[in-house]
Amino acid sequence: MKSKRTVLVTGCSSGIGLATCHVLSRNNFMTYGTVRNLSKAKKIQDLINGENLSLKILRLDVNDNQSIKIAVKKILTDTGRIDVLINNAGYGMFGPVEEITTQEVKKQFETNFFGTIRLIKAIVPIMRKQGNGTIVNISSIVGRFGVPLNSAYVSSKFAVEGLSESISFELEEFGIRVIVIEPGVVKSDFFQNVKVKGMNLESPYQKLMERRFNLLDKAMKNSLTSSYDVADTIFDALNSKDPKFRYVIGNDATNSLRMRNSLSDRKFMEWIRAGIFQGKGLSK
Ligand SMILES: NC(=O)c1ccc[n+]([C@@H]2O[C@H](COP(=O)([O-])OP(=O)(O)OC[C@H]3O[C@@H](n4cnc5c(N)ncnc54)[C@H](OP(=O)(O)O)[C@@H]3O)[C@@H](O)[C@H]2O)c1
């Protein structure tokens, strides 16, 4: 049997992070599932209590360098290496650009983008010395194109995409691979955790926001993509001898990207407008 690879996953209190910990720790990965708040570790603790998994919980807030340092040190003390980093922690922010504050946009970037950078900076030196490693960045299909009333989130995921492409060139020299995961709508706690502006009656965007939200709510409820589908894709990518750089997950994501690649900018924007504001959806 191949020796266990050590993996650090961020944002494991729920959703994709939690499912990824479950799948990897069942399958010969020594998995460190991290949560920013240990009081929210119940679901991951339940996994450990229910099965014999190679899974440990550590506290790590992607916005807190000290917590990153302590978690990384603990993993190195335990296993002496970190083979895989999965940058998953993140949240969504919805609202018209006119109404979201610069502070709120900065906060969105702080977690989704700078959090990813902080982890990469902490772990690349370890992987470089090992001469190998894999960094998996959880982006989104909206890291590939814009959608209305979601600009802070979309921009943060575009930034993750640009970062991932750029660093993949400089890290390959040292045997470090970068993989980007681009899910469409996934059933998870994401929707419950989104920050929202512009839903109030005084907002000139209220009607648009409502339409946007109704569609998202419907898409979330009807989504056929589970957090485990994303986790299984990550597992397959980590076991592939020749993994792809990008993995697009879900029918909505695949279809949107096909439209993006086949239509002009203007035609694609018309398609997005019809899908989101006229409720036609993005799956077909
Ligand atoms: N669900 C979707 O439709 C979808 C689609 C495309 C991409 N994604 C991406 O997938 C990733 C995971 O989202 P999810 O769907 O699994 O949503 P989720 O269930 O809300 O999980 C998000 C996780 O990130 C954690 N987190 C937030 N801020 C953090 C911080 N500062 N430090 C450490 N952890 C932090 C949350 O912890 P707390 O419980 O403490 O808040 C939670 O564990 C995100 O990057 C998201 O953008 C999701």
Side-chain angles (χ1 to χ4, degrees), residues 8-23 32-45 57-68 71 85-94 106-119 122 136-145 147 150 152-161 163-164 180-195 215-231 233-234 246-254 256-257 282-283:
L8 185 167
V9 190
T10 65
C12 304
S13 68
S14 60
I16 295 169
L18 182 71
T20 302
C21 285
H22 199 186
V23 170
Y32 289 83
T34 66
V35 294
R36 65 172 156 173
N37 185 346
L38 286 171
S39 71
K40 290 185 81 178
K42 184 177 178 325
K43 289 182 191 163
I44 188 166
Q45 188 59 55
I57 307 170
L58 294 176
R59 195 189 88 78
L60 188 159
D61 182 331
V62 300
N63 296 333
D64 172 0
N65 267 321
Q66 190 60 12
S67 74
I68 296 173
L85 162 66
I86 302 183
N87 281 309
N88 164 74
Y91 70 92
M93 155 120 230
F94 283 78
K106 283 186 176 170
K107 268 181 96 171
Q108 175 77 104
F109 268 74
E110 205 57 63
T111 298
N112 292 9
F113 178 65
F114 290 107
T116 299
I117 297 235
R118 279 187 203 96
L119 266 298
V136 180
N137 290 332
I138 312 297
S139 174
S140 164
I141 198 60
V142 299
R144 301 289 284 280
F145 54 80
V147 288
N150 201 192
Y153 180 72
V154 167
S155 308
S156 73
K157 293 298 187 182
F158 266 59
V160 168
E161 295 274 340
L163 170 76
S164 306
V180 183
I181 305 291
E182 298 176 334
V185 175
V186 180
K187 272 193 197 309
S188 72
D189 288 356
F190 184 81
F191 198 42
Q192 284 95 283
N193 292 333
V194 291
K195 310 271 181 280
L215 185 82
L216 190 63
D217 186 36
K218 216 163 91 187
M220 276 279 171
K221 284 182 185 137
N222 296 335
S223 174
L224 298 176
T225 311
S226 74
S227 294
Y228 277 87
D229 292 324
V230 181
T233 303
I234 295 171
R246 288 191 166 92
Y247 288 82
V248 176
I249 306 173
N251 188 35
D252 55 339
T254 312
S256 312
L257 197 60
L282 302 180
S283 293

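Both ligands and their constituent atoms are indexed starting at 1 by order of listing. Hydrogens, waters and symmetry mates play no part in the numbers below; they use all other heavy atoms, side chains included.
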Name of the residue among Glu182, Arg144, Glu161, Arg246 meeting side chain to side chain donor-acceptor pair (under 3.5 Å) with Ser139 = Glu161
Would you please name every residue forming a salt bridge (charged side-chain N to carboxylate O under 4.0 Å, His left out) with Lys40, sequence neighbours left out?
-> none
The answer, listing residues by chain and number that come under 4.0 Å of ligand 1 through any heavy atom, is Gly11, Cys12, Ser13, Ser14, Gly15, Ile16, Arg36, Lys40, Leu60, Asp61, Val62, Asn63, Asn88, Ala89, Gly90, Thr111, Ile138, Ser139, Ser140, Tyr153, Lys157, Pro183, Gly184, Val185, Val186, Ser188, Asp189, Phe190, Asn193, Met220
Side chain to side chain contact (heavy atoms under 4.5 Å, CB included) partners of Leu224, counting only residues at least two apart | none
Reference residue Arg59; test side chain to side chain donor-acceptor pair (under 3.5 Å); the match among Asp64, Asn37, Thr34 | Asp64
Indicate the ring-plane relationship of Phe109 and Phe114, choosing parallel, tilted or perpendicular according to the 30° and 60° boundaries.
-> tilted
Side chain to side chain contact (heavy atoms under 4.5 Å, CB included) partners for Asp217, two or more places apart | Phe191, Lys221
